[in-house]
Amino acid sequence: MSFRLYNTLTRKTEEFQPLEAGRVGMYVCGPTVYGHAHLGHGKSYVSFDILLRYLRYLGYSVSYVQNITDVGHLTDDADAGEDKISKQAQREKKHPMAIAEYYTRSYFEDMDALNCIRPDISPRATGHIPEQIELVQTLLDKGYAYAVNGSVYFDVSKFGAYGKLSGRNVEEMQAGARVDVNAEKRHPADFALWKKAEPGHVMQWNSPWGRGYPGWHLECSVMSMKYLGKTIDIHGGGIENQFPHHECEIAQSEAANGVPFVRYWVHHNMVTVDGQKMGKSLGNFITLKQIFKEGHQRLSRLYNPLAVRQLILQSHYRSPIDFSDAALTAAQSGYDRITEAVLAVRKAMNTALTGQADADVVKQLDTMRQKFETAMNDDLNTAVALSVIFEMLKLANQVVSGKTTQATLNAVNDQFIKLGGEVLGIVKDEYAIAGGGDEQLLEHLIGLMIEQRQTARKKKDFAASDRIRNKLTEFGIVLEDSPAGTTWRRQ
RNA sequence: GGCGGCGUAGCCAAGCGGCCCAAGGCGACGGUUUGCAAAACCGUUAUUUCGUGGGUUCGAAUCCCACCGCCGCCUCCA
């Protein structure tokens with residue numbers, strides 16, 4: 001069975017067929033860097049990371065481009081007001097570029113923590129002003145745009161296909177429009193390609209139409225064209241960007257190039273927190289850093305970034321996901337079990353027998369792999385794919401608890417790495433011991449306590465042995481007894 | 001006002017016409033194990049049941065209609 005992907009443009013799940021066999025060009029709308037990344041970013045980029053990883057797993061050579069929007073945009077109709085980056089710059093008393101740089105680094109840090117593979121290219125909008133001006137000029141030359149008083153607008157009436165992605169038509173949109181009417185525009189649906197800079201607007205550039213800045217749909221068209229060509233295979237983004245952002249991108253790009261802009265439009269759904277929409281303007285958003293290390297009022301504890309990733313994978317990318325403390329706790333528990341099982345497999349390798357891999361285990365693994373691939377092939381059904389990882393967990397624990405061979409354990413571990421690691425990104429190749437030297441000291445000290453406790457237990461002095469274990473539990477160290485001896489782990 | 005989505009066990013969630021008397025996770029409960037625990041393993045956890053009421057069909061959680069409830073987009077937002 002081949003890989004099938006839902007295409008917003010056709011509203012159907014279609015067999016994925018790249019333009020050029022074996023190669024895929026994928027563009028994903030990146031963040032506007034004026035604040036720390038939040039849960040919504042997490043869901044978005046984990047979703048596309050899965051798409052990227054699975055395409056690579058299938059053997060495609062993927063070029064993955066994700067922009068960094070480092071020039072904040074106004075609404076396309078506003079005549080006054082500040083852009084988001086400038087606003088943040090004023091607040092922090094820094095240059096807008098410093099703001100963009102700072103939050104770009106923060107963004108990558110969070111995405112690394114979520115185990116998202118970095119894009120091959122992360123083009124900045126401000127680094128492509130000449131190209132954007134060029135595209136505006138092309139649209140003017142071809143008669144799709146008009147210049148008014150230092151600004152340039154796209155003439156929607158000239159592009160018949162406008163609305164094909166979002167299923168809207170220009171006439172119906174006029175009625176309920178909540179945007180202010182801009183007298184410069186010929187039609188309310190026309191959108192800005194280039195805006196004249198108002199006095200005091202920090203981010204501005206020279207153009208044939210005077211000093212100004214690019215319209216907010218322009219950068220994606222320009223940068224995807226530049227790095228991936230006039231027709232790209234996949235364009236991803238949030239469902240809220242379907243209109244107007246992506247609709248405008250299509251209009252600009254196809255009007256300029258005369259060829260289809262995108263073959264597969266992929267949109268992921270939104271995030272809610274405790275059942276409510278999470279929005280920057282609402283102030284109820286939780287940043288990833290708050291979940292990972294700073295804490296938040298709505299959260300009872302900190303969570304492992306990969307547990308957050310796992311929670312995201314538990315539902316479909318086109319479904320909304322509601323983040324709550326309870327949901328995160330549940331995901332963390334499940335994630336911990338997977339991690340423990342993987343570690344147990346790796347640990348058991350040291351003492352396992354030599355010999356051939358257990359044929360039955362190998363067969364079961366293969367069945368699970370097929371189920372996994374079938375699920376992923378069906379528009380990235382990560383919920384089912386994850387359930388396969390849990391089936392593997394069960395199998396792994398059974399294998400580890402019995403007599404087994406190194407080859408068997410290797411087979412289990414390899415599949416964990418391939419499916420859980422390479423594709424889903426929740427199993428690591430190595431679980432680094434944090435802390436380095438201190439960790440060794442800890443190992444020795446706890447080893448000593450375990451020894452003391454063992455002595456007490458041999459003498460049946462359970463009061464003493466329990467005291468040691470309870471005290472360590474207070475410090476977040478859990479002792480576990482087994483026939484092979486006592487081991488410890490962090491809570 | 002226009003457009004779109006959702007409602008499945010205590011919670012999260014997959015399934016989208018027969019393999020469903022409905023995956024998987026979390027939680028809970030019982031058992032094995034343990035000095036007691038923890039972890040792991042085994043088992044139980046949706047009164048033919050999938051918001052409610054109709055309909056189509058040999059057959060529906062899955063299709064159609066109505067109703068109720070929730071959410072998102074239409075303005076920058078991932």
Side-chain angles (χ1 to χ4, degrees), chain A residues 11 28-32 34-35 37-48 69 72-78 81 83-84 166-169 172-180 216 236-245 267-272 275-282 285 310-311 314-316 318-324 326-338 340-341 344 371 375 378 381-391 393-394 396-398 400-402 457 460-462 465-466 469-470 473 478-483 486-489 491:
Chain A
R11 274 148 228 278
V28 169
C29 287
T32 302
Y34 66 105
H38 56 247
L39 277 171
H41 293 102
K43 173 164 163 81
S44 174
Y45 299 114
V46 166
S47 299
F48 292 116
T69 298
H73 294 295
L74 307 170
T75 69
D76 55 351
D77 280 312
D83 75 54
K84 287 170 290 191
S166 53
R168 291 157 206 267
N169 75 60
E172 282 171 1
M173 276 165 14
Q174 281 189 81
R178 280 193 271 152
V179 285
D180 298 330
W216 67 283
I239 199 164
E240 85 286 355
N241 276 332
Q242 200 177 314
F243 185 88
H245 187 52
H267 291 99
H268 72 266
N269 217 129
M270 312 291 281
V271 154
T272 54
Q276 285 237 278
K277 179 202 158 119
M278 187 182 74
K280 279 173 185 170
S281 47
L282 295 172
F285 67 94
Q310 180 159 317
L311 177 56
Q314 265 166 28
S315 64
H316 192 87
R318 280 191 287 116
S319 301
I321 184 166
D322 184 45
F323 279 87
S324 63
L328 283 163
T329 303
Q332 179 71 253
S333 296
Y335 171 73
D336 288 342
R337 280 187 69 211
I338 292 173
E340 291 298 328
K371 184 177 172 188
D378 182 18
N381 191 336
T382 51
V384 170
L386 232 191
S387 78
V388 172
I389 301 300
F390 277 100
E391 285 174 21
L393 167 156
K394 211 168 216 179
N397 282 328
Q398 282 166 353
V400 167
S401 64
R457 289 177 76 204
K460 301 238 184 266
D461 182 1
F462 295 123
S465 86
D466 285 352
R469 187 174 58 192
N470 292 340
T473 306
V478 180
L479 296 191
E480 293 176 346
D481 298 330
S482 80
T486 301
T487 56
W488 70 274
R489 63 180 171 84
Q491 216 162 18

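Lettering follows sequence order; numbering is per chain, from 1.
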Integer-rounded Å distance: rG5(B) P and His268(A) NE2: 17 Å
Ser387(A), nearest nucleotide to its side chain (from rA78(B), rG24(B), rG72(B)): rG24(B)
Nearest-Å distance for atom pair CZ/P, residues Phe285(A) and rA78(B): 10 Å
Touch class at under 4.0 angstrom, heavy-atom based, for Gly40(A) against every strand present: base
Ser47(A) side-chain N/O to Lys43(A) backbone N/O, donor-acceptor pair under 3.5 Å: yes
Pair Asp322(A)-Thr272(A), side-chain donor/acceptor within less than 3.5 Å: yes
Selection from rC36(B), rC41(B), rA78(B) that lies nearest to any side-chain heavy atom of Met270(A): rA78(B)
OP1 or OP2 of rC3(B) under 4.0 Å from side-chain N/O of Arg11(A): no
Pair Leu393(A)-Gln398(A), side-chain contact (heavy atoms from CB on, under 4.5 Å): steps then yes or no: CA-CA 9 Å; Leu393(A) 167 156; Gln398(A) 282 166 353; over 6 Å; no
Pairwise side-chain contact, Tyr34(A) with Thr69(A), heavy-atom cut-off 4.5 Å (strictly under): no
Any donor-acceptor N/O pair, Thr473(A) side chain to Arg469(A) backbone, under 3.5 Å: yes
Rounded P spacing from rC58(B) to rC20(B) in Å: 23 Å
Touch class at under 4.0 angstrom, heavy-atom based, for Val271(A) against every strand present: base
Closest to the Arg457(A) side chain, choosing from rA40(B), rC36(B), rA78(B): rC36(B)
Sugar-phosphate only, base, or nothing, as touched by Ile389(A) at under 4.0 Å among non-hydrogen atoms: nothing
Touch class at under 4.0 angstrom, heavy-atom based, for Lys394(A) against every strand present: sugar-phosphate
Span that lies between the P atom of rG51(B) and that of rC11(B), in whole angstrom: 14 Å
Sugar-phosphate, base or nothing in reach of Arg318(A), heavy atoms under 4.0 Å: nothing
Protein proximity profile, nucleotides 10-19 of chain B - base contact B, sugar-phosphate-only contact S, no contact -, cut-off 4.0 Å on heavy atoms: ---SSS----
Integer angstrom distance from the P of rG10(B) to that of rU33(B): 33 Å
Backbone N/O of Asn381(A) and side chain of Asp378(A): donor-acceptor pair under 3.5 Å: no
Nucleotide nearest Phe390(A) (side chain, heavy atoms from C-beta), chosen from rA23(B), rC41(B), rG24(B): rG24(B)
5' priority, RNA chain B, between Leu393(A) and Ala331(A) [closest heavy atom]: Ala331(A)
Minimum-distance nucleotide to Val478(A) side chain [options: rC41(B), rA38(B), rA78(B)]: rA38(B)
Side chains of Ile321(A) and Asn269(A) in contact at under 4.5 Å (non-hydrogen atoms): no
P-based separation of rG53(B) from rA78(B) [nearest Å]: 43 Å
Distance below 4.0 Å between Gln398(A) side-chain N/O and rC42(B) OP1 or OP2: yes
Reference residue Phe48(A); test ring pair (Phe, Tyr, Trp, His ring centres under 6.0 Å); the match among His41(A), His267(A), His268(A): His268(A)
Whole-Å distance separating the CD atom of Gln310(A) from the C1' atom of rC26(B): 11 Å
Which nucleotide in rC41(B), rG72(B), rC36(B) has an atom nearest any side-chain atom of Lys277(A): rG72(B)
Separation of rG24(B) P from Lys371(A) NZ (nearest whole Å): 7 Å
Residue Asp481(A), side-chain atoms from C-beta onward, closest of rC41(B), rA37(B), rG27(B): rA37(B)
Secondary structure string for RNA chain B (Watson-Crick or G-U under 3.5 angstrom, | for other-strand pairs): ((((((((.[[[..)..(.....]]]((((((.......)))))).....[[[[[..)....]]]]])))))))....
Pairwise P distance, rU48(B) and rG43(B) [rounded to whole Å]: 23 Å
Whole-Å gap separating P (rU34(B)) and CZ (Arg469(A)): 14 Å
rC77(B) OP1/OP2 closer than 4.0 Å to side-chain N/O of Asn241(A): yes
Interatomic distance at P, rG54(B) relative to rG15(B), whole Å: 28 Å
Between rU62(B) and rG17(B) - P atom distance, rounded Å: 11 Å
Between rG5(B) (P) and His267(A) (NE2): distance, integer Å: 15 Å
Ala375(A) to Ala385(A) - nearest heavy-atom pair and separation: CB-N, 4.0 Å
Any Arg337(A) side-chain nitrogen or oxygen under 4.0 Å from OP1 or OP2 of rA40(B): yes
Glu480(A) atom CD, over 12 foreign heavy atoms within 6.0 Å: yes
Separation of rC74(B) P from His245(A) NE2 (nearest whole Å): 13 Å
Residues in side chain to side chain donor-acceptor pair (under 3.5 Å) contact with Thr329(A), at least two apart in sequence or another chain: Tyr303(A)
Nearest-angstrom distance, P atom, rG18(B) to rG59(B): 15 Å
